[in-house]
Amino acid sequence: MSKLHIAGAPRPSVIQLAIKEKSALYAAYIPIFTTGGLFIPTARDYQLGDSVYVLVSLPDDPHRYPIAGKVACVTPARAVSSRTQGVGVIFPDDEKSKELKFKIEELLGGHLASDRVTQTI
């Protein structure tokens with residue numbers, strides 16, 4: 001008698017991201033993703049399309065925002081221009097993500113048009 005093993009999709013990794021200052025939020029936010037996204041510094045190896053579950057805390061906000069995102073870009077170790085190793089996570093197109101994107105853009109206000117360097121693309 002054979003045993004049947006059904007392999008499901010791997011569970012997404014969970015990342016807690018506490019952003020304490022607006023300057024750090026500006027550096028991490030990825031506005032070119034229409035649904036929003038964040039750069040997350042990490043030494044862990046991820047591949048494009050990997051699922052990640054991110055618990056995001058914003059400056060001066062006690063609420064934690066849960067996001068079930070996907071890895072959309074990867075900055076490897078020893079990247080050119082001394083960029084920080086990590087991943088860009090794109091938010092899904094859902095209400096929780098829209099709320100987080102609105103909150104981030106509200107916090108950043110006019111800084112979104114700035115040409116200051118960020119950790120993202």
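With sequence neighbours left out, Glu106 forms a side-chain contact (heavy atoms from CB on, under 4.5 Å) with Phe102, Lys103. The side chain to side chain donor-acceptor pair (under 3.5 Å) search around Ser97 returns Asp94, not counting sequence neighbours. Contacts of Lys96 classified as salt bridge (Lys or Arg N to Asp or Glu O under 4.0 Å), with partners at least two apart in sequence or in another chain: none. With sequence neighbours left out, the side-chain contact (heavy atoms from CB on, under 4.5 Å) criterion links Asp60 to no other residue. Take Glu95 and apply the salt bridge (Lys or Arg N to Asp or Glu O under 4.0 Å) test, not counting sequence neighbours, and it matches Lys98.
The closest donor-acceptor contact from the side chain of Ser13 to the backbone of Val52 lies at 3.5 Å or more, if one exists at all.
Of all heavy-atom pairs spanning Pro59 and Leu107, the tightest one is CD-CD1, 4.2 Å. Residues Phe39 and Ile30 share a closest heavy-atom pair of N-CD1, 3.8 Å. When every heavy atom of Tyr29 is checked against every heavy atom of Leu38, the shortest pair comes out as CA-CD2, 3.8 Å. Residues Thr35 and Phe91 approach most closely at OG1-O, 2.6 Å, considering heavy atoms. Of all the heavy atoms in Tyr46 and Val74, the pair that sits closest is O-CG2, 3.8 Å.
With rounding to the nearest 0.5 Å, the separation of CZ in Arg44 from CG in Asp50 is 8.0 Å. One distance of note links CG of Leu25 with CD of Glu105; it measures 10.0 Å at 0.5 Å rounding. Distance check, rounded to the nearest 0.5 Å: CD1 of Ile90 to CZ of Phe33 gives 5.0 Å. One distance of note links CG of Leu17 with OG of Ser57; it measures 8.0 Å at 0.5 Å rounding.
Residues Thr75 and Val87 are not in side-chain contact: their nearest non-hydrogen atoms beyond the backbone lie 4.5 Å or more apart.
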* Residue pair Leu55, Ile15: steps toward the side-chain contact (heavy atoms from CB on, under 4.5 Å) verdict -> CA-CA 6 Å; Leu55 293 169; Ile15 302 171; over 6 Å; no
* To do: Check the pair Leu58 / Leu100 against side-chain contact (heavy atoms from CB on, under 4.5 Å), numbers first and verdict last.
  => CA-CA 9 Å; Leu58 299 175; Leu100 177 57; 3.7 Å; yes
Contacts table for residues 61-70: side-chain donor-acceptor under 3.5 angstrom, sequence neighbours left out:
unit_1, atom_1, unit_2, atom_2, d
Asp61, OD1, His63, N, 2.9
Asp61, OD2, Tyr65, OH, 2.6
Arg64, NH1, Gln16, OE1, 3.3
Lys70, NZ, Ser51, OG, 2.9

